[in-house]
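A quick write-up on the structure given underneath.
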Amino acid sequence: MVSAALFWLIHVVPGDPGRNALGPYATESQVAAWNSAHGAEAGPLEGYVSWLAGFATGDWGVSLVYDVPVLGLVMGRFVNSVALGVLAFALLVPLAIGIGALQARTEGSRGDRATTVTLMTLASVPEFVIGVVFLIVFAVVLPIAPVRATDGLGSGVVLHVGAMLLPALTLALGTVSIVARTARSSIIDTTRAPFYRAAVVRGLSGGELFRRHVARNALGPTIAVLGLCLGVFIGGSAVVETLFGYPGLGELLVTATQRKDLPVLTAGVMVTGFVSLAALLATDLALAAVDPRVRLSEGS
Amino acid sequence: MSVVRVRGLSIDLRSPRRYRRVVDEVDFDIDDGETFGIVGASGSGKSTIAWALAGHFARHARVSADRLEIDGLDVLSLDRAALRRHRRAGVAIVPQEPQRALDPTARIGPQVARAISSAEDSARPSVIEVLAEVGLDEPESIARRFPHEVSGGQAQRIVLAMALARRPGLLILDEPTAGLDAVSREAVLSTIGRTVQRRGSSVLLISHDLTLVAAHSDRVGILVDGRVVETRPAESLFSGPRHPWTRGAVAIERSRDAAARRNARSAGRTVVDADGVGVRYGGRPVLEGIRLRIERGETLGLVGETGSGKTTLGRAIAGLIPHSGEVVIDAPDVPPPVQIVWQNADASLNPRRTVGQTLSRAIRLLDGQTTPLLLAERTGLTADALDKLPHQLSGGEKQRVALARAFAGRSAVVVCDEPTSALDPHNRELILDLIVQLQETTGAACLFISHDLAVVRRVSHRVAVLRDGRMLETVSAAGMDVDARHAYTRNLIAATRRLASAGAASPHGSSNGVDSAAMDGSGPSSVSPDTGTSTCR
Amino acid sequence: MTSADAVLREPRRPRAPAGADSAREERRAAGGVLIRRPTFVVSALIVLAWILAAIGWRWLGIDPYADTGASLAAPSADHWFGTDRIGRDVFARVLAGSESVLVVAPAATLVATVLGTVVGLVAGYRRGWIDAALMRVLDVLIVVPVVVVLLVVVTAFGQSLPVLILAIGVLLSPLIARVVRAQTLMETGKEYIESARLQGERPSRMLLHELLPNVWPQALVQATLCVGIAVFVTATLSFLGLAATPPSPDWGLAVSENRAFLQGAWWTVAFPCAAIASLVVSVNLIGDNVKEVLAP
Amino acid sequence: AGAHGADGGVYRVPISAPGSQIDPLTASDQYALAITGLVTEPLASLDADGVLHPRLATQWSASADGLTWTVELRPEARFNDGEPVTATDVVWTFESIIDEESPSPGQTSFAGVLEAIEATDELSVDFVLSRPFSDFPLLFTGPNTGILPDGYTPGSWLEEPVGAGQFLLTDYTIGQGATYVKNPDYWNADEILLDGVELKIYADAQAQLLAFQAGDIDRIGLTAEVASTIDLADYDVISSGFNRFDALVFDVTAPPFDDETARQAVAWAIDRPALIEAVYFGNADVANDTTFFPDYEPKPQGLQQRTQDLDRVEELRAGRTFRFTITTSYQLLGEVIQQQLNAVPGFDVSLDVMTTEEYYADGDVVPWLQAPVTATSWAKRAPTQYLAAMYAAGSDWNASHYDNPELEELAAGFDATTDPVQRQALVDEIGRIQWSEVPAIIPAYSKSQAVQSTRVEGEFAGPLDFYTGYDFSGISVER
Ligand SMILES: Nc1ncnc2c1ncn2[C@@H]1O[C@H](COP(=O)(O)OP(=O)(O)OP(=O)(O)O)[C@@H](O)[C@H]1O
Ligand SMILES: Nc1ncnc2c1ncn2[C@@H]1O[C@H](COP(=O)(O)OP(=O)(O)OP(=O)(O)O)[C@@H](O)[C@H]1O
Ligand SMILES: [Mg+2]
Ligand SMILES: [Mg+2]
């Protein structure tokens with residue numbers, strides 16, 4: 001269903017793959033010839049059916065722009081995006097939950113409010129500004145990271161991680177605010193719950209309280225939000241990848257849209273879609289694992 | 001020697017906008033091994049005091065006290081570590097809403113185990129032992145469940161078990177039996193009594209139930225609007241109350257036993273006819289083969305221990321849950337035939353709609369011939385209540401709104417589910433009167449659910465007894481004492497009787513109230529039908 | 001009945017604070033509380049200032065397009081925020097830029113809120129296959145890469161304002177729908193809904209009169225979050241050359257156009273950035289405060 | 001800059017992601033052309049001053065009737081697979097381009113000019129024209145004219161990057177770039193000092209700037225962003241010859257611009273030096289609305305150079321207010337022209353900036369050809385090519401819908417003659433028509449200018465952006 005909607009949408013994009021491939025100097029008949037040679041002139045419906053059949057059997061077609069098989073191209077980029085996404089996620093989770101927990105502990109204080117405002121400000125400054133600042137500082141002023149991530153990838157572990165760290169951090173920073181907010185408020189909610197009070201007067205220490213009671217209960221909403229983030233991260237962020245010259249899927253998809261590279265676009269969107277769905281599913285599973293009430297309502 | 005010494009304790013709590021004095025210059029002592037009772041209306045600050053003794057205060061609370069000592073420790077000046085030690089070793093609290101006092105994400109077993117391990121006592125009993133101790137039937141099964149999978153009464157016992165297992169020096173019981181029927185209540189109280197005696201603990205017993213507190217305390221403090229208005233020995237509570245609140249409450253408790261509803265009903269046609277009704281929750285049968293009929297203008301009382309399926313039956317009759325068997329509501333021309341007055345009035349009113357809106361909508365939908373104002377007046381609400389939102393109403397007022405709504409039109413059947421369990425004597429009486437009155441004027445058939453037999457008999461024509469999801473018998477409310485066939489029913493009658501007489505006669509002044517004669521050694525199962533009836537007048 | 005009964009008909013009990021006796025006064029009182037919260041007041045003033053700027057910049061004699069003669073001049077008394085690449089006054093552009101932001105972001109948020117609330121309410125209330133179907137659709141909206149979809153939509157239907165507003169609105173609606181649905185599920189379990197159902201309440205009234213009043217605080221907070229995201233998304237679209245078109249003084253566009261001047265002429269980027277941040281943060285803080293007061 | 005002996009090194013050039021297929025025959029955008037152009041070799045290329053230099057060709061001459069051009073090939077030239085470059089390869093290459101079924105975008109340059117190609121012997125080729133064309137050898141520098149071996153399979157280039165050029169492609173990665181090593185068998189290998197070249201793909205100007213600052217690339221185009229960020233004194237600033245103009249094109253069939261006074265009014269309203277400052281960073285010459293670059297001979301004589309003259313505008317405007325929209329994909333140019341015009345009384349100009357894809361879209365809506373007023377960039381060509389493309393009645397690209405048989409006749413006459421006096425007279429007349437009827441305003445001829453790392457030695461023979469042949473002879477990078 002998703003694929004159908006998308007396929008249709010992509011087909012109404014004005015512009016012509018043949019024209020894009022051949023450039024403005026080519027003649028009409030050249031463009032038409034190119035289109036028929038690349039199967040780009042079939043109507044949306046037949047195109048969709050044949051594409052779907054191919055997709056299912058692993059024949060994802062050939063990129064109209066790059067002239068290479070889509071499968072390899074998309075999956076290669078996809079692996080990179082996953083790596084970046086996972087790293088960003090690994091940065092995000094402890095950072096956001098740590099900040100959220102700290103804020104919850106100092107709820108209502110100046111520090112709490114200041115942190116909220118700072119995080120929101122960070123989140124509202126576009127990624128491409130934060131990213132550029134990072135690049136200026138870490139790639140130009142103190143050159144410890146490459147300007148273009150691809151220059152660092154594959155050239156030694158240190159450079160490799162260095163090349164991924166900046167984009168991952170940029171990616172993570174945008175969402176820290178939302179996750180920290182959720183963590184903060186659900187921790188606060190938990191500490192207001194009667195069972196928390198009951199545990200407190202049983203004389204548990206702060207650490208025990210957090211481990212045994214707060215963590216599980218407050219994790220629910222946070223996991224829900226994190227699931228969304230994970231999906232977005234793994235699907236690749238066009239802006240961050242573009243900015244850092246990181247060879248990820250998001251960047252590929254934006255280019256594919258602009259150039260109307262149908263096979264790449266559809267395959268890429270499908271892959272991100274599947275991944276994000278998987279992330280949502282994982283979220284639900286994780287939720288069920290921490291909160292038995294969810295299990296009950298799903299089961300019945 | 002005093003274990004607890006409180007002088008000039010004042011607590012101001014911040015309601016959303018401003019501070020309000022909730023506990024006002026309270027003084028009391030609890031001696032070693034003594035049971036001190038606190039009674040008072042809902043919202044008078046009882047729970048707040050309870051938590052204060054454990055050194056816990058609501059956020060933004062302003063606390064001042066000349067003295068707040070337990071075992072000679074000044075609770076207010078303890079540092080974190082010392083406070084933790086005090087909580088681990090010195091006090092245990094059984095909170096008022098037991099279900100919510102359990103961590104919803106963890107199974108019962110581990111929770112209890114943790115509570116036990118946090119006690120500084122070398123001889124730790126096992127989880128199963130602890131649960132069995134408080135009379136839970138299938139401790140193994142319970143230990144494996146999550147808190148939302150047990151009934152309110154079971155939760156209450158679990159929380160109690162957690163507190164008792166820790167053998168604290170000071171045991172704080174906040175409404176420990178509110179959700180329990182008379183039989184379970186006796187069992188629970190005797191368990192408490194045994195444990196307390198063994199350990200020599202002091203007890204703070206909090207309840208809005210004068211009879212209960214009088215029967216199980218040595219001394220009783222009366223709390224009205226955050227002030228201790230009088231402190232008396234338990235035995236003289238019913239004999240010479242001074243404060244108007246106490247006098248009023250005592251009067252009501254005295255008349256409590258005033259037998260069953262007397263007015264006969266006009267025999268009418270059968271409105272509710274249920275046959276073979278069964279309900280399962282996730283495969284577990286909760287109700288089985290229920291048969292009942294209610295006629296027009298009749299009130300059928302439904303009693304049974306907690307978790308026996310009373311609420312479930314009410315919901316099945318209203319058609320709110322899937323069930324097997326047949327429920328026929330014979331009410332032609334009445335579009336919404338069944339209304340429910342829920343146990344928890346608070347949750348049953350839309351928090352964002354004013355009373356007026358709620359009532360006028362109910363009149364429209366239930367095809368009533370009245371106006372919100374008339375309806376309000378009939379249920380004893382003042383006109384200005386119509387403009388208020390539920391949270392601006394007192395508990396009793398909320399109950400009345402819920403009743404007014406249920407009786408707003410021509411509904412043929414009204415299910416009243418525990419409408420008084422959370423109310424102090426004054427409010428309870430008002431509501432019961434109202435139900436009788438409303439039902440008489442509208443002629444609706446009524447299913448009245450409660451675990452309190454005395455209350456049920458006040459309003460019902462017939463009483464049905466439910467146990468473990470099966471209908472044991474249905475007897476007439478008036479002739480119940482004689483007609484009851486089943487041992488369980490007889491137990492229930494006997495236990496209720498004892499409870500009532502304990503308050504009305506206020507016979508004993510033992511040194512340790514909890515360990516009183518009424519429950520000494522007599523578990524519920526050992527009460528024979530004979531003893532049950534013999535106590536009866 | 002005993003004699004004490006007369007006295008005790010209306011037992012003394014804690015009352016709601018004086019002055020908050022009716023629902024209307026309650027609301028007024030909530031307003032009073034808000035006014036006393038510094039974060040709320042400051043945020044409200046900032047948002048108000050931007051709204052005024054958006055409406056009134058034309059009458060202030062501000063020209064965001066004119067060449068002032070000096071290009072890339074640093075902030076000074078003449079040009080408070082400096083000038084840009086082709087000599088336009090950055091201060092004038094930031095003021096005028098509030099206009100487009102305050103059209104797209106709130107409108108998209110409105111679309112998202114209305115759509116999300118309706119979907120969330122219906123899904124949460126009806127449950128069953130309707131819920132499942134709606135939630136799958138939402139999942140789809142969540143899982144597709146936002147920027148790519150916007151890119152496709154905008155190229156397909158043109159770069160007009162309504163298209164942009166609708167597209168962003170639809171894409172953001174799951175954020176609201178999910179929260180509203182969760183809240184609705186919770187509320188639906190409560191007895192007041194069952195009571196209404198027992199009274200035979202019509203579904204539409206059930207959703208609008210019974211459920212909506214109880215879920216909108218959550219929706220509101222989520223909506224303020226959406227305003228921020230909408231501003232951010234439009235800025236990102238500008239980065240990809242898809243949202244506002246030059247020479248619009250749109251903030252997002254300004255930031256993305258001038259980002260290469262970050263080192264050479266920081267003021268061309270920093271001030272529009274600060275403007276975005278001030279608006280987004282203020283709107284969020286207002287949402288937080290309203291939530292804290294209305295639904296504590 | 002080190003001693004002369006410091007040859008070698010790798011020269012790193014930033015590019016954007018190529019938009020078309022990477023194949024010498026079908027590449028259409030400058031980055032795809034760059035990737036293939038380093039490996040292939042054209043017959044001839046232009047130097048920085050616009051003078052044609054032999055590459056694979058050693059010499060060329062026209063027959064007396066101007067209808068046949070004979071080209072002699074370089075005997076020592078070899079493809080990188082070791083095969084010699086012969087006349088059949090040249091024939092095959094050009095036939096592939098002009099073939100009716102040809103997918104090559106280069107086809108349009110030869111349409112209506114080149115009729116046939118014949119190999120007269122191993123190393124000489126005859127180009128048979130359908131009409132005389134005095135600037136025909138300039139077409140050897142156009143896109144897709146790198147010579148490929150006879151029988152080359154279109155589309156297979158990335159698998160087997162064949163060519164007779166200065167470098168060998170060692171790696172191309174989508175989204176990252178291409179790396180090259182020196183071709184040891186290049187016919188002029190002694191002059192190639194570099195060990196290799198690297199084309200690195202960057203997403204945008206900002207990324208390039210940061211990379212340049214970090215020392216990841218050896219050059220960057222000089223723009224306002226660059227100039228405001230780095231200290232130019234730390235680098236070499238190099239400049240090329242003229243390489244393009246940007247034209248403001250009017251649809252002369254639609255009011256108000258169906259009236260030439262209206263078009264003239266706009267032409268006199270533009271402040272060309274200011275525009276050059278703002279748009280070309282000063283690196284352009286003021287143009288006079290004609291298509292003759294300053295480095296081209298002959299140039300039109302006797303025209304008054306247009307400058308901003310508001311009295312003249314007032315007079316030509318005659319009380320009218322011009323309300324119109326400029327459609328373009330060149331944002332900065334559009335913004336500056338709009339800003340300038342709106343500052344003049346009587347103008348109310350709005351701007352519609354599109355992406356390149358939208359602007360040059362195909363199908364029913366083709367903004368760059370249909371919008372009433374457009375701003376379009378034109379790469380450097382022979383002057384009469386512009387006349388055929390932009391001004392001729394039947395041309396696909398005649399965005400102004402201009403129709404003037406006289407001009408077309410003059411252009412044909414110009415192409416047919418080689419006599420300098422005659423050519424000058426014809427050019428004067430063509431220029432006069434372009435100047436007075438103003439189907440398009442051409443405000444400036446621009447050059448490209450770049451900032452280059454001081455480690456680079458030598459001077460580029462050809463234009464900086466390599467739009468005609470890639471020539472790295474004499475260049476080295478200090479290691
Ligand atoms: N955290 C809190 N913040 C503000 N007010 C509170 C808080 N907790 C309780 N209150 C208010 O303090 C008053 C006393 O509450 P408390 O729970 O002590 O009453 P109670 O005597 O235990 O009543 P009940 O019999 O209903 O349990 C009530 O009016 C209640 O609304
Ligand atoms: N949602 C549920 N899932 C599983 N079991 C449930 C659920 N609700 C109730 N039960 C179980 O069903 C049984 C009957 O519950 P019900 O609420 O009808 O009891 P009750 O007689 O009203 O008890 P009480 O006096 O405590 O209100 C109990 O054993 C309870 O544990
Ligand atoms: Mg209480
Ligand atoms: Mg019940």
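Residue numbering restarts at 1 for every chain, and letters A, B, ... go by the order of the sequence lines.
The contact between D/Gln338 and chain C is made entirely by side chain atoms (from C-beta outward), counting heavy-atom distances below 4.5 Å. Proximity to chain C (any heavy atom under 4.5 Å) is shown, for D/Ile230, by neither the backbone nor the side chain. Contact annotation for D/Val279: only backbone heavy atoms (N, CA, C, O) come within less than 4.5 Å of a heavy atom of chain C. Both the backbone and the side chain of C/Ile86 come within less than 4.5 Å of a heavy atom of chain D. Within the 4.5 angstrom heavy-atom criterion, atoms from both the backbone and the side chain of D/Ala224 approach chain C.
When only modelled atom types and interatomic distance are considered, C/Gln263 and D/Glu225 share no side-chain donor-acceptor pair under 3.5 Å.
Looking only at distances, a side-chain donor or acceptor of C/Arg85 sits under 3.5 Å from a matching main-chain atom of D/Ala278.
For the atom pair D/Leu209 CG and C/Phe261 CZ, the distance stands at 9.5 Å (nearest 0.5 Å). Taking CD of D/Glu335 as the start and OH of C/Tyr65 as the end, the distance is 10.0 Å to the nearest 0.5 Å.
No more than 12 heavy atoms of other residues, nucleotides or ligands lie within 6.0 Å of CZ in D/Arg323, so this atom counts as exposed by the packing criterion.
Between C/Pro247 and D/Gln339, every side-chain heavy-atom pair lies at or beyond the 4.5 Å cut-off. Looking at heavy atoms from C-beta onward, D/Gln340 lies out of side-chain contact with C/Asp67 at the 4.5 angstrom threshold.
Here the closest non-hydrogen pair linking D/Thr229 and C/Ala260 is OG1-O, 3.9 Å.
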